[in-house]
**Q** 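Got a structure for you, written out below as structure tokens; questions coming shortly.
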2 protein chains.
Amino acid sequence: MQKITSKHIAEICGVTRGTVDRALNNRPGIKPATREKILKAAEELGYRPDYLGQSLVRGETRTLGIVMFDVHNRIFAQLFHAFEEVARSHGYFVYLVLSHKDQAVEIEYIHNLIDRRVDGIALNPINEGAAFESLLQKTRTPILTFGNELSAHFPHIWIDDQAAIQDAVNHIAVKGYQHILYVSPPLRFKGRENIHVPEQRYAGLQSALQQHPDISHTVITSKDYVDAIHAELQKSFRRTAILCTSDIFALEVLKSLKDAGMDVPHEVGVMGFDNIDMLNYIDPPLTTVDYQVEDIGRRLADSLIRRIQGEVVPSRTIVTHSIMERSSL
Amino acid sequence: MQKITSKHIAEICGVTRGTVDRALNNRPGIKPATREKILKAAEELGYRPDYLGQSLVRGETRTLGIVMFDVHNRIFAQLFHAFEEVARSHGYFVYLVLSHKDQAVEIEYIHNLIDRRVDGIALNPINEGAAFESLLQKTRTPILTFGNELSAHFPHIWIDDQAAIQDAVNHIAVKGYQHILYVSPPLRFKGRENIHVPEQRYAGLQSALQQHPDISHTVITSKDYVDAIHAELQKSFRRTAILCTSDIFALEVLKSLKDAGMDVPHEVGVMGFDNIDMLNYIDPPLTTVDYQVEDIGRRLADSLIRRIQGEVVPSRTIVTHSIMERSSL
DNA sequence: CTGAAAGCGCTAACAT
DNA sequence: ATGTTAGCGCTTTCAG
């Protein structure tokens, strides 16, 4: 069974493809009778316009691309959900591509998306630098970023990471802690990949600590951060809070502390970041930094579509965050 | 800055587009010198072939579509990850579309995928019935299913849900439980949407219980299954196991039992299904049914691509499962 | 070795 | 009101 095209319909109805087009897209200049005949034939044959042909001539594909590291971290699954929903409501499809934090993969994917003529791209980049940005600038495809920021050429939607960590540190200070173990494994990739988010958070840590000269701290960036934490806990006898830059780190930490028989928060405090929904099932309930990641997803889709339609969108949009106090600290 | 096409290159090099094509896709019948010239020009201009044009003439888009309910349930996020990885390694892109368990949305999306000429579709359907299947059959686009099964026309890759629940019940029996609260909220949509998976599991429950006439049971399908469970627990004083058809239900149950101050597993046993990775962080550790969902994702992509290339794939592929014993039961 | 022409499926401008 | 033609960007066949 051959795929049926407008040409077939034209032949069957004894008219030309131009006329078929007029009927299908109900444009003026066609006799009601022939229109009916054509529509009926199309209906019966189960005709569906080919999107490739349409896209080629229209110059738009009504497709968005979203590039993220992976979808294991719940925060990105949630973001995607919201993004997809808004996109669909505007008639856009979305390609979800995962860079797996691999710089080459990311570049290949971006090229592919552009070659496929997506109308716009939302990107959480793992690449950075002038070469990368000029690559992105070569295309007229609108690109927005989230997570790791690029230069101001690319509108960015995210939270204020610096302020968020500052708030976290202040919260820790208020709770009377004297020492902070700051857990941010991605920091060790500094200079090799785009770690704008971890760096911003780290900057927030530094500036907050200046307000609290009484609080000492240790930064942990190793892959085996759990082991590193336990080693650190041996050394110091000051009242310690473990501040993790992601809930998924905090969950690992919590688990290992439990295994080691340590009491949270009495022996040591733990704080996370993201407020992923699975925290509902965790004990002890984790204090963390909360923000509406769905809001980010929605705004990304919305702004991207606006840009596609020629509107100017703000180069920076900050979504609010807050401290979600529970009982791990 | 205008997008550059093979036409531009042809003009610049003073040749025709056919020759440009020969150079770009290094086909024979071209003088090395002109080939060099063309490749150089293409390189300098940053030429990239347009995928729409290519797809139109080649008759393939090298794109796969995967349709699932959502990506909140971790099991589907994991499946997608594996699917995407295999697809990419074969040069395929993937459209991830979410039906949100809405039948109309699913149908609209499937139409869209076909109109966009995806080369194949992996589908966990929420629709069912002859009308739906004939809609799917109208296209020559290969379609595989996972999760809810359709008829044998659509190759299916999944676990043996019946056997899995039977194993779960046997495990519960061995542990000496006398009563089972079977939690499967989707069952209440029977007749309205495709709930093949829940039904298979339910069938597994029934047949297993025939082997254990001493075990009584109650089936819970209400949306407020947590409340229903607590009501049931009041009534019976037999040793009770709560068998949930998804870990996410089990997590909710565990949480509510904890809030109610009930001891698991001594006062009541709980068992889940899926062995999602977040179980690592849960206390008490949840006994559940384990299977390699990544394996399903990989096989889906692999088989789909085979079918696209004309191979015949088995109409049914069963991935193994096992009981993951922890300490909630 | 290269050019000319046709076609993938669609839309749009221009004739009749 | 309908037909004709051209073109989106690419590939492919057939001439030269």
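Note on naming: letters A, B, ... go to the chains in the order of the sequence lines (proteins, then strands), and numbering restarts at 1 for each one.
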**Q** Which nucleotide in the list C:dC8, D:dT2, C:dA4 gets nearest to the side chain of A:T16?
**A**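 Comparing C:dC8, D:dT2, C:dA4 against the side chain of A:T16, the answer is D:dT2.
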
**Q** Is the distance between the ring centroids of A:F93 and B:Y109 less than 6.0 Å?
**A** yes

**Q** Let me spell it out: for each of B:R35 and A:P49, pick the nucleotide of DNA chain C with the closest heavy atom. Which residue's pick is nearer the 5' end?
**A**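 Checking each residue's closest nucleotide, the 5'-ward one belongs to B:R35.
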
**Q** Would you kindly check whether a donor in the side chain of B:R22 faces an acceptor in the base of C:dG3, or vice versa, at under 3.5 angstrom?
**A** yes

**Q** Does A:Q54 have a side-chain nitrogen or oxygen under 4.0 Å from the phosphate oxygens OP1 or OP2 of C:dG9?
**A** no

**Q** In terms of side-chain geometry, is the basic nitrogen of B:E149 or B:R316 positioned less than 4.0 Å from the acidic oxygen of its partner?
**A** yes

**Q** Using a distance-only test with no angle check, is there a side-chain donor-acceptor pair under 3.5 angstrom linking A:Y51 and A:R62?
**A**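 A:R62 and A:Y51 do not have a side-chain donor-acceptor pair below 3.5 Å.
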
**Q** If I take atom CD in residue A:Q2 and atom P in nucleotide C:dC8, what distance separates them, rounded to the nearest angstrom?
**A**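 Result: 10 Å.
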
**Q** Which whole-number value in Å describes the distance from B:L56 CG to D:dG9 C1'?
**A**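 Distance check: B:L56 CG to D:dG9 C1' gives 9 Å.
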
**Q** Just how far, in rounded Å, is P of D:dT2 from CD of A:E36?
**A**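 For the pair A:E36 CD and D:dT2 P, the rounded distance is 12 Å.
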
**Q** Side chain of B:N25, heavy atoms from C-beta onward: which of C:dG9, D:dT11, D:dA1 has the nearest atom to it?
**A** D:dT11

**Q** In this structure, how many angstroms lie between the P atom of D:dT11 and the CD atom of B:E60, rounded?
**A**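 Result: 12 Å.
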
**Q** Provide, to the nearest angstrom, the distance between the CG atom belonging to B:D50 and the C1' atom belonging to D:dG9.
**A**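 From B:D50 CG to D:dG9 C1': 6 Å.
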
**Q** Can A:R306 and A:D302 be counted as an ion pair, charged N to O under 4.0 angstrom?
**A** yes

**Q** Heavy atom of residues 6-15 of chain B under 4.0 Å from DNA chain D: which residues?
**A** B:S6, B:K7

**Q** With side-chain hydrogen bond (donor to acceptor under 3.5 Å, both in side chains) as the criterion, how do A:Q137 and A:H153 come out once you've worked through the C-alpha distance, each side chain's angles and the decisive distance to 0.1 Å?
**A** CA-CA 9 Å; A:Q137 303 244 42; A:H153 290 112; 3.3 Å; yes

**Q** So does A:T34 get a side-chain nitrogen or oxygen closer than 4.0 Å to the phosphate oxygens (OP1/OP2) of D:dT2?
**A** yes

**Q** Rounding to a whole Å, what distance do you find between A:I114:CD1 and D:dG9:P?
**A**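 Rounded to the whole Å, the gap is 16 Å.
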
**Q** Assign B:L52 to base, sugar-phosphate, or nothing according to its heavy-atom contacts below 4.0 angstrom with the strands shown.
**A**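 If one applies the 4.0 Å heavy-atom cut-off, B:L52 turns out to touch nothing in the nucleic acid.
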
**Q** Just to confirm, is there a sub-4.0 Å distance from OP1 or OP2 of C:dG3 to any side-chain nitrogen or oxygen of B:T19?
**A**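 It does, given that an N or O in the side chain of B:T19 lies less than 4.0 Å from OP1 or OP2 of C:dG3.
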
**Q** OP1 or OP2 of D:dC8 sitting under 4.0 Å from any side-chain N/O of A:S55?
**A**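 A:S55 to D:dC8 OP1/OP2: no side-chain N or O under 4.0 Å.
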
**Q** With a 3.5 Å cut-off and no angle check, do the side chains of B:T63 and B:R117 form a donor-acceptor pair?
**A** no

**Q** What is the separation between atom CZ on B:R117 and atom C1' on C:dG9, rounded to the nearest whole Å?
**A**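 So the CZ-C1' distance, B:R117 to C:dG9, works out to 7 Å.
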
**Q** Between B:P32 and B:R58, just flag the one whose closest nucleotide in DNA chain C comes earlier from the 5' side.
**A**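 Of the two residues, B:P32 wins.
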
**Q** Could you check how far NZ of B:K3 sits from C1' of D:dG7, rounded to whole Å?
**A** 15 Å

**Q** Indicate whether any N or O donor in one side chain lies under 3.5 Å from an N or O acceptor in the other, for A:E60 and A:S55.
**A** no

